[in-house]
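Model, not experiment: these values are computed from the prediction. The first residue of the sequence shown is numbered 1, and numbering continues consecutively from there. Computed from heavy atoms alone, side chains included, the values below leave out hydrogens, waters and symmetry copies.
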Amino acid sequence: MKLLEQWDALVVPEDLVYFLDRTSGVRLVANPELAAWCTLDEREAVLLRALAGRDRPDGPPPPPADPMWTERTLAKLVLKWLVYLPGRRPEVRVPDPPLKLVYYAITDGCNLRCPYCYASSEKCLPGELSPAESLALVDQIADMGARTLILTGGEPMLRKDLFDVAEHARERGLSVNMITNGTMIRKPETARRIADLFALVTVSIDGGTAELHERTRGKGTFARTARGLSLLNDAGVVPVINHVVTPDNVDALDEVCRFVSGLKVRRVRLMHHSDLGRAADDGYDFGWSDFQKVQQFLWTDPRADNLLPDGPRAAKPCSITGNCGMGGNEIYLDSLGDVYPCKLVTREVHRAGNIREKPLTELFHSPLFASLRGNSVFHGENLSDCRRCYIRGACGGGCRGYHMAETGDIHRNGRHLCRILRRSMVANWWQAVGTPSGRLAEDPDGLMLPRLVRDDTVHPVHEDWRTPGRRLLPVLSASGTPGAGCRTTTAP
């Protein structure tokens, strides 16, 4: 049967949205239910609008008289998951993800005192897991089928058995990564040992100059970190750089680019300052204007090619993200053996237990973690704030640790963060369909404005960040049965 003959029975999602490039007339249309998106020209958009408004007395006119073109366009809308065939509305399944990634803070001790440290690292804690217990932990992780172990801290290189744990993990088939401040990589032989053991090394810097970096890291740390990075390069390691962006250094991203231009690095990951750990009292407040500065730099400066912005990624259309993955794809263990859903979510109420008391597999299947990974932007109560958001299927609710820093509750969304997530995701969609970065810089507000296909009104959640006197977004009720015939995941 031809699609045109099914005109009255075709299903258009209620909150299908579009974003307009006023220069070219191109519409970027997105289906929030399925993280589906594609571009339509003006004529195709008129047809979709007619289909969406066909039941309204004041709706658009019926389809155009060209049946061949109309049939092709309807096929495009169905194949791009913007329109559903009669009785074929997709359904999202409740996620049940396997464990893939384990963060292990092998020590809470650190040789630095960064004011924004999410772990509040300082001294080694009494009762940290012994070398034997750490090796046994690796066995449990491997036996559960996890793929990657990330050794972090504190500063992991303060542990004398760090390389022994990494070597054992490699022997058990795990890929092993490390997050370090780089100051303790002082000798070529140390760098070579790291090159032999670690699949990925992440080094933290806070600025491309000693003045900027040492405002948070301490006197003399810039030269030591730079030396560590140089030694890693000499040993064949191409690290990732973690750079925390604050109001203090957001105007100096060019200095970061200049610094890393003399090194071999995979990418520089820009991480927005949040109020986690010691950062709650460090005096920094990463705001909307700071975020806009980052975006403008990324869009307009040719040196930004190697910078990876914080926020959601534009995966292939129909790659659904149900949640951030905490307690499911990934978990976190602190130096004492306590198990949490995420390295950023470590309050007592989020602790599943301790591996000295119960096996890791039992803690992973605890009701606490099962609830977190079984909830998504489509199911359950944990992410109910996301129910009507126009990027929900692509975003998965964002980082729950970042939300918690703003709202005090991992189940509630922060209006400031959601505003950033929406702008980031829509910008990524535009770039994914080939829109030049310069065009984004010219008209960000226009290109990111979501309008409902059915009636051209602005999507009702677009400006919910304006709610006066609130940091929390209002809880939004579901507006219908969400769908998904596409692949569903639980992590970005």
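- Electrostatic pairing of Arg89 and Glu33 counts as a salt bridge here, judged by a charged N lying under 4.0 Å from a carboxylate O.
- The CE atom of Met425 sits 7.0 Å away from atom OG1 of Thr321, with the distance rounded to the nearest 0.5 Å.
- The shortest distance between side-chain heavy atoms of Phe259 and Ile205 falls below 4.5 Å.
- Residues passing the ring pair (Phe, Tyr, Trp, His ring centres under 6.0 Å) test with Phe286 are His272, sequence neighbours excluded.
- Legend: residues meeting side chain to side chain donor-acceptor pair (under 3.5 Å) with Asp338, ordered by chain and number and at least two apart, are Arg351, Asn354.
- Here the closest heavy-atom approach between residue Ala36 and residue Lys80 is recorded as CB-O, 3.4 Å.
- Taking the centre and axis of the six-membered ring of Tyr332, the NZ or CZ atom of Lys343 falls outside the cone set by 45° and 6.0 Å.
- Not a single donor-acceptor pair under 3.5 Å links the side chain of Arg267 to the backbone N or O of Leu307.
- Remark: the backbone N or O of Val201 is not paired with any side-chain donor or acceptor of Asn177 at under 3.5 angstrom.
- Nearest heavy atom pair, residue Cys386 against residue Asn413, reads SG-ND2, 3.2 Å.
- Nearest heavy-atom pair across Val250 and Asp290 is CG2-O, 3.6 Å.
- Judged purely by atom type and a 3.5 angstrom limit, Asp41 uses its side chain to pair as donor or acceptor with the backbone of Glu44.
- The side chain to side chain donor-acceptor pair (under 3.5 Å) search around Glu42 returns none, not counting sequence neighbours.
- When side chains are defined from C-beta on, Arg27 does not count as touching Phe19, because their heavy atoms never get closer than 4.5 Å.
- Counting heavy atoms from C-beta on, the side chains of Cys114 and Arg217 come closer than 4.5 Å.
- Applying the side chain to side chain contact (heavy atoms under 4.5 Å, CB included) criterion to Pro341, with sequence neighbours excluded, gives Met326, Val345, His350, Phe369, Leu372.
- A 4.5 Å side-chain heavy-atom check between Asn323 and Val377 finds every atom pair outside the cut-off.
- Qualifying side chain to side chain donor-acceptor pair (under 3.5 Å) partners for Tyr340, counting only residues two or more places apart in sequence or in other chains: none.
- In this view, His459 and Tyr390 satisfy the ring pair (Phe, Tyr, Trp, His ring centres under 6.0 Å) rule, not counting sequence neighbours.
- Considering only residues two or more places apart in sequence or on other chains, Val26 meets the side chain to side chain contact (heavy atoms under 4.5 Å, CB included) condition with Ser24, Thr39, Trp430.
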With salt bridge (charged side-chain N to carboxylate O under 4.0 Å, His left out) as the test, would you mind laying out the steps for Arg400 and Asp409 before giving the verdict? CA-CA 8 Å; Arg400 304 319 301 175; Asp409 185 348; over 6 Å; no

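- Using a cutoff of 4.0 Å between basic side-chain nitrogens and carboxylate oxygens, Asp15 and Arg387 are not scored as salt-bridged.
- Considering only residues two or more places apart in sequence or on other chains, His213 meets the ring pair (Phe, Tyr, Trp, His ring centres under 6.0 Å) condition with Phe222.
- The residues Arg392 and Asp385 are annotated as not salt-bridged, no charged nitrogen and carboxylate oxygen being separated by less than 4.0 angstrom.
- Thr209 has its side chain within reach of Arg258: a pair of non-hydrogen atoms, C-beta onward, lies under 4.5 Å apart.
- Listed by first then second residue, pairs satisfying salt bridge (charged side-chain N to carboxylate O under 4.0 Å, His left out) with a partner in residues 430-453 read Asp21-Arg439, Arg22-Asp443, Arg423-Asp445, Arg439-Glu442, Arg439-Asp443, not counting sequence neighbours.
- Looking at Cys38 and Trp81, their side chains never come closer than 4.5 Å, going by heavy atoms from C-beta outward.
- For the salt bridge (charged side-chain N to carboxylate O under 4.0 Å, His left out) test, residues two or more places apart in sequence or in another chain that qualify with Arg215 are Glu211, Asp248.
- Across Pro247 and Asp285, no two heavy atoms sit closer than the pair CG-O, 3.4 Å.
- For the pair Gly396 and Leu383, the tightest heavy-atom approach, listed with the atom from each and the gap, is O-CD1, 4.1 Å.
- Proximity of a side-chain donor or acceptor of Arg422 to a complementary backbone N or O of Val461 within less than 3.5 Å is detected.
- Using a distance-only test at 3.5 Å, with no hydrogens or angles considered, no donor-acceptor pair links the side chain of Thr435 to the main chain of Gln431.
- Using a 4.0 Å cut-off between a side-chain N of Lys or Arg and a carboxylate O of Asp or Glu, Lys2 and Glu5 do not qualify as a salt bridge.
- Tyr284 and Asp275 are not linked by any side-chain donor-acceptor pair at a separation below 3.5 angstrom, with hydrogens and angles left out of the test.
- A distance-only check finds no donor-acceptor pair linking the side chain of Glu406 to the backbone of His403 [under 3.5 Å].
- Here the shortest heavy-atom pairing between Ala441 and Thr300 reads CB-CG2, 3.6 Å.
- Taking CG from Leu82 and CG from Leu34, the interatomic distance works out to 9.0 Å, rounded to the nearest 0.5 Å.
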Given Lys100 and Glu330, is the salt bridge (charged side-chain N to carboxylate O under 4.0 Å, His left out) satisfied, shown in steps? CA-CA 6 Å; Lys100 296 179 181 179; Glu330 69 173 69; over 6 Å; no

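- Side-chain contact between Pro86 and Leu10 is present, with heavy atoms from C-beta onward closer than 4.5 Å.
- At distances below 3.5 Å, not a single donor-acceptor pair connects side-chain atoms of Thr202 with backbone N or O atoms of Ile241.
- Listed by chain and number, the residues in a salt bridge (charged side-chain N to carboxylate O under 4.0 Å, His left out) with Asp301 are Arg303 (sequence neighbours excluded).
- A donor-acceptor pair under 3.5 Å is absent between the side-chain atoms of Ser371 and the main chain of Pro367, judged by distance alone.
- Applying the side chain to side chain donor-acceptor pair (under 3.5 Å) criterion to Asp334, with sequence neighbours excluded, gives no partner residue.
- Around the CZ atom of Arg147, the shell of radius 6.0 Å holds no more than 12 heavy atoms that belong to other residues, nucleotides or ligands.
- Ion pair Arg454/Glu14 flagged as a salt bridge, since at least one NZ, NE, NH1 or NH2 atom sits closer than 4.0 Å to an Asp/Glu carboxylate oxygen.
- The shortest side-chain heavy-atom distance between Leu449 and Leu20 does not fall under the 4.5 Å cut-off.
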